[in-house]
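Quick notes on the structure that follows.
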Amino acid sequence: MELAERLAALAFHVPAGSMVADIGTDHAYLPIYLVEKGICTRVIATDLNPGPFRSAGRKVEERGLGDQVDLRLGYGLKVLQPGEVEVLVLAGMGGNTIREILAASPEILGTVKRLVLQPMADPGDLRCWLAAGGWRISDEQLLEEDGRIYVVVVAEPGREKTGDPCLLELGPRLLEKKDPLIDVYLQGIIDKYERALAGLAAARSGAARERAGELKAKLERIKEVAECR
Ligand SMILES: C[S@@+](CC[C@H](N)C(=O)[O-])C[C@H]1O[C@@H](n2cnc3c(N)ncnc32)[C@H](O)[C@@H]1O
């Protein structure tokens, strides 16, 4: 089974031989790929919703991988036992949903060695939460699929050296390693801030003006970082 670029990037960050759980697996493409390529001998694939869970079950059956892909229905990490997995993959969900799922199960999270995360939104909030909770951002990667840019954030237990919220919003390892897509990515963030500011331009309330001031200050700092690279 060949994987789309986004899922292949997730697989790249899974160490060979590790015990993995793919949380919110939907179609189970990633677990199937990890097993078929011999990267993992067994993968846990979970989903909260019966529809995706059944769809994952059908795909796993079709490939004859029922013994190697262990399907579980339930919320986030609640379906795991402490120490059962070394690597968690959470992809295709909002950054705040990923954060809530991780925060809901500290007893499981405390036994995990690596997180491979692909937030669809709010990666900065997720990185700030990781850094505050004893996770260092060990690697990051941007990729483009169907004209959209995605970010993969890899975290491991440890102390994150970057405490600057602006750098955590933009991606400290993306900036350091000068990811090939960083310029397009930063421009996308700048455009988003400029659109939000334009939306607030006509607002008269004190709260809106305060928000516009905050956004403007953030935007200036982001532009500085983008120019200094
Ligand atoms: C957009 S799909 C992403 C599927 C796959 N991970 C990917 O990246 O292509 C999100 C999946 O996460 C599941 N999901 C959402 N919240 C969840 C939770 N709290 N626990 C487990 N699964 C969840 C949804 O049912 C859905 O199948």
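Atoms within each ligand, like the ligands themselves, are counted from 1 in listed order.
Classification of Glu156 and Arg136 as a salt-bridged pair holds, one side-chain N sitting under 4.0 Å from a carboxylate O. For Glu214 and Arg209, the salt-bridge test fails: no basic side-chain N is under 4.0 Å from an acidic carboxylate O. Taking a cutoff of 4.0 Å between a charged side-chain nitrogen and a carboxylate oxygen, Asp70 and Arg42 qualify as a salt bridge. In summary, Lys177 and Asp139 engage in a salt bridge, as defined by a charged side-chain N under 4.0 Å from a carboxylate O.
Residues Thr46 and Thr25 form no side-chain contact, since every pair of their non-hydrogen atoms from C-beta on lies 4.5 Å or further apart. Using a 4.5 Å heavy-atom threshold, the side chains of Leu219 and Lys216 count as separate. With a 4.5 Å cut-off on side-chain heavy atoms, Leu115 and Leu130 count as touching.
Distances below 4.0 Å separate heavy atoms of Asn49 from the following atoms of ligand 1: 24 (C), 25 (O). Within ligand 1, the atoms closer than 4.0 Å to a non-hydrogen atom of Gly92 are 1 (C), 8 (O), numbered from 1 in the order shown. The ligand atoms of ligand 1 that sit less than 4.0 angstrom from a heavy atom of Gly74 are 20 (N), 21 (C). For ligand 1, the atoms sitting less than 4.0 Å from at least one non-hydrogen atom of Pro52 are 25 (O), 27 (O), numbered in the order shown with element in parentheses. Those atoms of ligand 1 with a heavy atom of Gly76 less than 4.0 angstrom away are 18 (C), 19 (N), 20 (N), 21 (C).
The shortest contact between atom 12 (O) of ligand 1 and any protein heavy atom is with Gly24 CA, 3.4 Å. Nearest protein neighbour of atom 15 (C) of ligand 1, counting heavy atoms only, is Met93 SD, 4.0 Å. The closest protein non-hydrogen atom to atom 2 (S) of ligand 1 is Asp26 OD2, 3.9 Å.
With a 4.0 Å cut-off on non-hydrogen atoms, Ala91 touches ligand 1 through its backbone as well as its side chain. Proximity of Leu48 to ligand 1, defined as any heavy-atom pair under 4.0 Å, is shared by backbone and side chain alike.
Considering backbone and side-chain atoms together, Arg6 places an N or O closer than 3.5 Å to an N or O of ligand 1.
At a cut-off of 3.5 Å, with distance as the only test, a side-chain donor of Arg173 or Thr162 sits close to an acceptor on the other residue.
Between Leu30, Asp47, Thr97, Val89, it is Asp47 that holds the heavy atom closest to atom 26 (C) of ligand 1.
Checking each of Gln118, Met120, Arg127 against Val151 for a side chain to side chain contact (heavy atoms under 4.5 Å, CB included) leaves exactly one that passes, namely Arg127.
Proximity of Glu100 to ligand 1 is not established, as no heavy-atom distance is less than 4.0 Å.
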